[in-house]
*Asks:* 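I'd like to ask some things about the structure below.
Heavy atoms only: backbone and side chains are in, while hydrogens, waters and symmetry mates are out.
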Amino acid sequence: MSQLEEQVSTLAEAVRALAHGLESIPSQDNPPEEVARGARLAHELLLSQGL
């Protein structure tokens with residue numbers, strides 16, 4: 001059960017990283033570097049846990 005909880009926690013962190021990269025004021029475009037940074041962080045989080 002501990003492994004499952006750890007995986008769910010990692011997935012939640014990855015989703016937060018992606019959401020943060022996509023956050024912006026609706027009338028403005030998302031800066032591409034922020035989107036890329038969020039995606040890279042999410043990917044690294046998932047890789048670090050073997051997901």
*Asks:* Can you name the residues that form a side chain to side chain contact (heavy atoms under 4.5 Å, CB included) with Leu11, not counting sequence neighbours?
*Replies:* Leu46, Leu51
*Asks:* Of all heavy-atom pairs between Ala14 and Ala42, which one has the smallest distance, and what is that distance?
*Replies:* O-CB, 3.5 Å
*Asks:* Applying salt bridge (charged side-chain N to carboxylate O under 4.0 Å, His left out), name anything that partners Arg37, two or more places apart in sequence or on another chain.
*Replies:*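 If we apply the salt bridge (charged side-chain N to carboxylate O under 4.0 Å, His left out) test to Arg37, skipping adjacent residues, the hits are Glu34.
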*Asks:* Checking Leu47 now: which residues fulfil side chain to side chain contact (heavy atoms under 4.5 Å, CB included) with it, not counting sequence neighbours?
*Replies:* His43
*Asks:* Taking ILVMFWY side chains as joined if any heavy atoms are under 4.5 angstrom apart, and letting links pass through other members, which residues group with Leu18?
*Replies:*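 Direct or chained contacts put Leu18 with none.
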*Asks:* Only pairs at least two apart or in different chains count here, so list each salt bridge (Lys or Arg N to Asp or Glu O under 4.0 Å) that has a residue in residues 3-19.
*Replies:*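 Those involving residues 3-19 do not exist here.
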